[in-house]
Amino acid sequence: MEGIIIRNIEEKDIPSVADIKINGWRTAYKGIIDDKVLNSMNRNERIEKIRKTYKDNGFIVAELNNEVVGFCNYIDTNKFTQDISDIDCELLAIYVKPDLKYNGIGTKLFQFVINEFKSKKKTKMILWCLKDNEPSRKFYTKMGGEIFKERTIEIGEKKYYEVGFIYNI
């Protein structure tokens, strides 16, 4: 897709990012995560959560025709997967507007993050994905990841399985 700009998030982008995340969850996780959780996602709460943390880590957006159409959040430490000592960076979230998936936006976001990590001399990245999210698992495999670990997480009142993808950078 031509005309995609990848850039750092700005405060004005936060409402669009919140909408993309909520719509992304409701689309990608329908039939995977309990509908009660998906239906209770609150836009204002999501905006406030992003507003409090968007400057803490790497946070980029994909823009097309002056509209935010995707985003990616990443961290260049091993803050969240400490039981795996040789991991030195993590892709925390990557989302594209559901109606624009499969147009190369996610690939551009992903490649931007990999290049950021390479420039910081990082060597091994992890990202976690719900085990039952088959389309995302295919994308992460296509991007060169290999599943190496599984864990459980709690969302709402239920437990779900996640798989960890490892990338040698």
A.B. asks: Give a yes or no on whether Lys55 atom NZ has more than 12 heavy-atom contacts from other residues, nucleotides or ligands under 6.0 Å away.
C.D. replies: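 It does not: Lys55 NZ has 12 such atoms or fewer within range.
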A.B. asks: When you check the gap from the basic side-chain N to the acidic O, do Lys122 and Asp76 get nearer than 4.0 Å?
C.D. replies: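 A salt bridge is absent here (no side-chain N lies under 4.0 Å from a carboxylate O).
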A.B. asks: Please find the pair of heavy atoms, one from Ala18 and one from Arg46, that lie closest to each other, and give the distance.
C.D. replies: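 Shortest heavy-atom separation between Ala18 and Arg46 comes out as CB-CG, 3.4 Å.
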A.B. asks: Are Leu100 and Ile5 connected in the hydrophobic side-chain network, where two residues link if heavy atoms are under 4.5 Å apart?
C.D. replies: no
A.B. asks: Between Ile147 and Ile94, is there shared hydrophobic-cluster membership here, with clusters defined by ILVMFWY side-chain heavy atoms closer than 4.5 Å?
C.D. replies: yes
A.B. asks: Hey, could you give me the NZ/CD1 distance between Lys52 and Ile14, rounded to the nearest 0.5 Å?
C.D. replies: 12.0 Å
A.B. asks: Mind checking whether Tyr74 and Phe117 have ring centres under 6.0 Å apart?
C.D. replies: yes
A.B. asks: In a check of side-chain contact (heavy atoms from CB on, under 4.5 Å) between Ile9 and each of Val17, Asn73, Val68, which one passes?
C.D. replies: Val17
A.B. asks: How about Asn65: does its CG atom have over 12 heavy atoms from other parts shown lying under 6.0 Å from it?
C.D. replies: no
A.B. asks: For salt bridge (charged side-chain N to carboxylate O under 4.0 Å, His left out), just list the numbers for Lys97 and Glu67, CA-CA rounded to whole Å, side-chain angles, deciding distance to a tenth of an Å, and then say yes or no.
C.D. replies: CA-CA 11 Å; Lys97 285 181 79 170; Glu67 176 190 0; 2.5 Å; yes
A.B. asks: Does a donor on one side chain and an acceptor on the other come within less than 3.5 Å for Thr123 and Asp88?
C.D. replies: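 Distance-only check passes for Thr123 and Asp88.
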A.B. asks: Closest heavy-atom contact between Val163 and Glu150?
C.D. replies: CG1-OE1, 4.2 Å
A.B. asks: Please say whether more than 12 non-hydrogen atoms of neighbouring residues, nucleotides or ligands are located less than 6.0 Å from CD in Glu146.
C.D. replies: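 Open.
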A.B. asks: Let me confirm one number: the NZ-CD1 distance from Lys124 to Ile169, rounded to the nearest 0.5 Å.
C.D. replies: 10.5 Å
A.B. asks: Please report the closest heavy-atom contact between Gly156 and Val37, naming both atoms and the distance.
C.D. replies: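 In terms of heavy atoms, the two residues are closest at CA-CG2, 3.9 Å.
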A.B. asks: With a 4.0 Å cut-off on N to O distance, would you call Lys131 and Glu162 a salt bridge?
C.D. replies: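 No, no charged N to carboxylate O under 4.0 Å.
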A.B. asks: Check for me, please, whether Leu38 and Tyr95 land in the same ILVMFWY cluster - side-chain distances under 4.5 Å, paths through other members count.
C.D. replies: yes
A.B. asks: Salt bridge check: are Asp35 and Arg26 linked by an N-O gap of less than 4.0 Å?
C.D. replies: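 Between Arg26 and Asp35 there is no salt bridge, as every charged N stays at least 4.0 Å from the carboxylate O atoms.
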A.B. asks: More than 12 foreign heavy atoms under 6.0 Å from CD of Glu154: is that the case here?
C.D. replies: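 Enclosed: over 12 neighbouring heavy atoms sit under 6.0 Å from CD of Glu154.
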A.B. asks: For Gly145 and Phe165, which heavy atoms make the closest approach, and how far apart are they?
C.D. replies: C-CD2, 3.8 Å
A.B. asks: How long is the gap from OG on Ser40 to CG on Asp34, to the nearest 0.5 Å?
C.D. replies: 9.0 Å
A.B. asks: To the nearest 0.5 Å, what is the distance between CG on Asn103 and CD1 on Ile4?
C.D. replies: 7.5 Å
A.B. asks: Let me confirm one number: the CE-CD1 distance from Met41 to Ile22, rounded to the nearest 0.5 Å.
C.D. replies: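 It is 5.0 Å, given to the nearest 0.5 Å.
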A.B. asks: Just how far is it from atom CZ of Phe112 to atom OG1 of Thr107, taken to the nearest 0.5 Å?
C.D. replies: 15.0 Å
A.B. asks: Under 6.0 Å between ring centres, would you say that holds for Phe59 and Tyr54?
C.D. replies: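 Judged by ring-centre distance (under 6.0 Å), Phe59 and Tyr54 do not meet the cut-off.
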A.B. asks: For Phe139 and Phe110, take the angle between the two ring planes, folded into 0 to 90°, and tell me which bin it lands in: parallel under 30, tilted 30 to 60, perpendicular over 60.
C.D. replies: perpendicular
A.B. asks: Please check this pair: side chain of Ser119 against backbone of Glu116, looking for a donor-acceptor N/O pair closer than 3.5 Å.
C.D. replies: yes
A.B. asks: For the residue pair Val61 and Leu109, what are the closest heavy atoms and their distance?
C.D. replies: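 Reported closest heavy-atom pair: C-CD2, 4.1 Å.
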A.B. asks: Check Gly70 against Ile20 and note the closest heavy-atom contact, atom names and distance.
C.D. replies: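 In terms of heavy atoms, the two residues are closest at N-CD1, 3.6 Å.
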